[in-house]
Amino acid sequence: MKREKVVIEKIRRSAELIIIRLGLGIFTRSGPGANILEVESRPAWAATVSELGNEGYAMTSPEGYAAACGVTTKEVEKMIRQQGSLFAVVYAPDTGGMEVAVPLPKKEEIDSLGPHLTG
């Protein structure tokens, strides 16, 4: 869990600096490990996700993460909302239609998770 905490802190800090550097508005932290970064607009969400990609983080939807890692979308949601073991950038407008992006682990990390996550 300590390694996950370090990775989450690193990517969260990168995302926060992107938001500040680009003047993308206000963000809030939530989740059991302050692992959810909620931004105030869809353009802020899209720019943050894109810039994280430019920094080497392959960002995807929870469904994409589930498919890549051989887990269910429910398990991914649990990792985000209950365990705090997965970082997420979120835009949740009052009108509905939440946008969520999470970083894909590197292939070596997927392989090290064992057969239950690799098929």
Side-chain angles (χ1 to χ4, degrees):
M1 183 72 166
K2 180 153 175 80
R3 185 182 184 307
E4 291 171 349
K5 183 175 173 74
V6 171
V7 172
I8 289 171
E9 288 176 4
K10 184 177 176 186
I11 190 170
R12 181 184 63 221
R13 182 71 177 144
S14 291
E16 291 171 350
L17 291 174
I18 288 166
I19 293 166
I20 292 166
R21 184 179 73 239
L22 298 179
L24 298 174
I26 298 169
F27 60 87
T28 57
R29 294 181 195 168
S30 62
N35 60 303
I36 301 170
L37 191 67
E38 189 170 341
V39 296
E40 67 179 355
S41 69
R42 182 167 279 116
W45 176 85
T48 303
V49 170
S50 176
E51 287 296 313
L52 285 171
N54 292 341
E55 291 187 12
Y57 298 102
M59 302 298 287
T60 190
S61 66
E63 295 81 10
Y65 185 97
C69 296
V71 297
T72 67
T73 303
K74 276 190 170 189
E75 289 173 296
V76 175
E77 287 296 325
K78 185 177 178 182
M79 292 168 66
I80 297 168
R81 305 232 178 250
Q82 294 175 6
Q83 297 172 350
S85 61
L86 182 61
F87 176 78
V89 179
V90 175
Y91 169 61
D94 295 334
T95 58
M98 181 182 294
E99 303 280 356
V100 180
V102 298
L104 280 172
K106 293 179 173 65
K107 177 159 178 18
E108 313 82 65
E109 292 170 351
I110 293 172
D111 291 343
S112 74
L113 294 173
H116 70 284
L117 289 181
T118 57

Of all heavy-atom pairs between [X] and [Y], which one has the smallest distance, and what is that distance?
| X | Y | answer |
| --- | --- | --- |
| Gly31 | Ile36 | CA-CD1, 3.9 Å |
| Ile19 | Gly25 | CG2-O, 3.4 Å |
| Leu52 | Ser14 | CD2-CB, 4.0 Å |
| Pro93 | Gly97 | CD-O, 4.0 Å |

Here the side-chain hydrogen bond (donor to acceptor under 3.5 Å, both in side chains) pairs for residues 28-41, sequence neighbours left out, are Glu16-Arg29

Residues pairing under salt bridge (Lys or Arg N to Asp or Glu O under 4.0 Å) where one sits in residues 49-70, two or more places apart or in two chains, turn out to be Arg21-Glu51

Contacts satisfying salt bridge (Lys or Arg N to Asp or Glu O under 4.0 Å) that involve residues 89-104 (not counting sequence neighbours) are Arg42-Glu99

**Item:** Any donor-acceptor N/O pair, Trp45 side chain to Val39 backbone, under 3.5 Å
**Value:** no

Nearest 0.5 Å, what's the [atom1]-[atom2] distance between [X] and [Y]?
| X | Y | atom1 | atom2 | value |
| --- | --- | --- | --- | --- |
| Met79 | Glu77 | CE | CD | 11.0 Å |
| Thr48 | Leu17 | OG1 | CG | 11.0 Å |
| Arg81 | Leu86 | CZ | CG | 11.0 Å |
| Arg13 | Phe87 | CZ | CZ | 12.5 Å |
| Ile8 | Leu37 | CD1 | CG | 12.0 Å |

Just so I know, are the side chains of Tyr65 and Pro105 near enough to count as touching, which here means a heavy-atom distance under 4.5 Å? yes

* To do: Show your working on side chain to side chain contact (heavy atoms under 4.5 Å, CB included) between Lys78 and Thr72 and close with a plain yes or no.
  => CA-CA 10 Å; Lys78 185 177 178 182; Thr72 67; over 6 Å; no

Treating Ile, Leu, Val, Met, Phe, Trp and Tyr as nodes and any side-chain heavy-atom pair under 4.5 angstrom as an edge, say whether Met98 and Val102 lie in one connected cluster. yes

